[in-house]
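Below: the structure, in structure tokens.
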Amino acid sequence: MQLRIEGSASRTRLAQLLGMNGATMTRLTQSLLALDLIEERDSLDAPARGRPMVPLTVSGHGGWAIGATPHPGWLELVIVDFCGRPLVHDTTPFDSPDPRIFARSVEARLQAIAAAHGFMRGKFLGLGVAVPGYALPGDRNRRVVVERVAGWNDVPLADILGDALAMPVWIENDASAAALAEYYQDGIIGRYRSVLTLFLGHGIGGGLIADRDLFLGEHGNAGEVGRLFPGHRERPSGIDLLQVLREAGVQIDSLAGIEELLDSHAPLIASWTERVIGQLEQAVLSGTVWLDPGAVIVSGALPLTLLQRIADGLAVRSRNRNDGYRSTLPAIHASSIGSRAVVIGAAMIPVHAVTASQGRFNYM
């Protein structure tokens, strides 16, 4: 995990950070090099007497992880390497509420992808599945889900999917998965220990990284910020924006269609954006008070330019707030991966489970 945070570091630097002596660090790194989990990089130091310090970094060859999530009418799947780099992004038609059919569809796509790209099945670390729903008390493996995947409701999902796919399976809420993906992006993991992510998709969700690990709460439902915005009222969500556009006479049925309307319907979208910034301001303030994050990331299935406008607006309001406190304000970033954050985050769950220093993020 320390190498993921640092990007690259010498053995001496790692020994200092981890409180190890040089001999122990040498033995450890030899084992990790042999397992292909880390690799040596060319030294950038100028030639000098003695052996230069050789930087170590995480190797992408240590294994692959799979992420999958169901959407209305289609299945999204991604494979990342051990560094977290997406190698394959795949979509296929899918429209079933049955988790067993979902598992068979994932298996069929994996077989085709493995044949096309030469992936060895034995090097898959496991499958992370992002679920549109929240965990039932006492069992994160059982979820209350949306109607389109009704067959996933209150069943042992990881067991069902794991048995069908013969590999470890992790189940997580889609917004928490997105938070993990956002945290592992360059410029985030190396700078912040705690991050609050707001995910604006069909609904609105939140995810928390606390002390470099997913914070899930007592029942696995930390970050359910959608409860702050009841569905019968105006909400900072993609579905809400679609409704606003339809009421203005626009024929649109998908978030994917918003991008082409940014110019032609700029005043309407700007008005909606300003209202959303005001709504999210209180959510950000509450999260800041409770979590004290280093950063807030605005993510979601909206166009990246729209996410950037919302992030910029929140940053301005944060800087201009005069409440008498002098605490450090979190940096506010817009996502660079947008809607793909959910499936990338699902794929990062097995990688995170293997490398997280706390070691408590276990699969079901």
Side-chain angles (χ1 to χ4, degrees), residues 64-80 86-119 121 124 126-133 143-153 155 157-167 169-175 177-178 181 199-203 205 237-239 241-243 245-246 250-261 299-304 337-350:
W64 304 297
I66 313 149
T69 190
H71 297 278
W74 56 291
L75 163 67
E76 186 177 19
L77 184 148
V78 72
I79 296 176
V80 301
L87 303 176
V88 175
H89 182 250
D90 181 79
T91 61
T92 190
F94 174 79
D95 191 17
S96 172
D98 190 331
R100 293 169 181 83
I101 295 178
F102 175 84
R104 290 200 289 271
S105 297
V106 170
E107 176 66 24
R109 293 310 305 151
L110 283 180
Q111 289 183 1
I113 292 169
H117 296 273
F119 291 116
R121 187 64 176 256
F124 282 128
L127 169 71
V129 180
V131 179
R143 301 269 161 169
V144 175
V145 296
V146 297
E147 183 62 29
R148 61 181 166 82
V149 285
W152 300 44
N153 201 49
V155 298
L157 283 171
D159 295 336
I160 291 172
L161 300 177
D163 288 346
L165 291 162
M167 69 172 63
V169 172
W170 288 257
I171 305 294
E172 194 47 74
N173 169 266
D174 49 8
F199 190 85
L200 312 182
H202 288 85
S237 71
I239 290 296
L241 177 54
L242 291 182
Q243 183 62 31
L245 289 166
R246 289 177 189 139
V250 181
Q251 299 298 314
I252 184 171
D253 57 8
S254 169
L255 299 183
I258 295 174
E259 180 86 48
E260 62 188 38
L261 301 175
S299 183
L302 300 176
L304 295 182
I337 51 178
S339 62
R340 293 182 299 142
V342 170
V343 71
I344 292 174
M348 288 304 301
I349 293 173

Specify the closest pair of heavy atoms between [X] and [Y], including all atoms of both residues, with the distance to one decimal.
{"X": "Ala130", "Y": "Ala177", "value": "CB-CB, 4.1 Å"}
{"X": "Pro97", "Y": "Ala150", "value": "CB-N, 3.8 Å"}
{"X": "Pro86", "Y": "Val80", "value": "CA-CG1, 3.9 Å"}
{"X": "Leu302", "Y": "Ile258", "value": "CD2-CD1, 4.0 Å"}
{"X": "Phe199", "Y": "Ala301", "value": "CZ-N, 4.0 Å"}
{"X": "Ala347", "Y": "Val78", "value": "CB-CG1, 3.7 Å"}

Which distance, rounded to the nearest 0.5 Å, do you find between the [atom1] of [X] and the [atom2] of [Y]?
{"X": "Phe124", "Y": "Ile66", "atom1": "CZ", "atom2": "CD1", "value": "4.5 Å"}
{"X": "Thr69", "Y": "Trp74", "atom1": "OG1", "atom2": "CH2", "value": "8.5 Å"}
{"X": "Leu165", "Y": "Leu127", "atom1": "CG", "atom2": "CG", "value": "6.0 Å"}
{"X": "Leu161", "Y": "Arg100", "atom1": "CG", "atom2": "CZ", "value": "9.0 Å"}
{"X": "Ile160", "Y": "Asp98", "atom1": "CD1", "atom2": "CG", "value": "8.0 Å"}
{"X": "His202", "Y": "Ile239", "atom1": "NE2", "atom2": "CD1", "value": "4.5 Å"}

So Val129 and Ile349, side-chain contact (heavy atoms from CB on, under 4.5 Å) or not? Walk me through it. CA-CA 9 Å; Val129 180; Ile349 293 173; over 6 Å; no
Donor-acceptor contact present, side-chain Arg148 to main-chain Pro70, <3.5 Å: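 Indeed, once roles are kept as given, a pair shorter than 3.5 Å links the two residues.
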Ion pair present between Glu107 and Arg121, side-chain N to carboxylate O less than 4.0 angstrom?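 Counted as a salt bridge, because a side-chain N and a carboxylate O are separated by less than 4.0 Å.
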Has Arg340 got more than 12 heavy atoms of other residues, nucleotides or ligands less than 6.0 Å from its CZ?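 At most 12 heavy atoms, drawn from other residues, nucleotides or ligands, come within 6.0 Å of this atom.
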Do the side chains of Pro350 and Trp170 get nearer than 4.5 Å, heavy atoms only?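 Side chain of Trp170 against side chain of Pro350, heavy atoms only: contact under 4.5 Å found.
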4.5 Å side-chain heavy-atom contact, Ile101 and Phe94: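 Yes, their side chains come closer than 4.5 Å.
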Does the plane of the ring in Trp64 sit parallel, tilted or perpendicular to the ring in Phe119? Use 30° and 60° as the thresholds.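 The arrangement is perpendicular - the two ring planes meet at more than 60°.
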Residues His117, Leu87; criterion side-chain contact (heavy atoms from CB on, under 4.5 Å); working and verdict: CA-CA 10 Å; His117 296 273; Leu87 303 176; over 6 Å; no
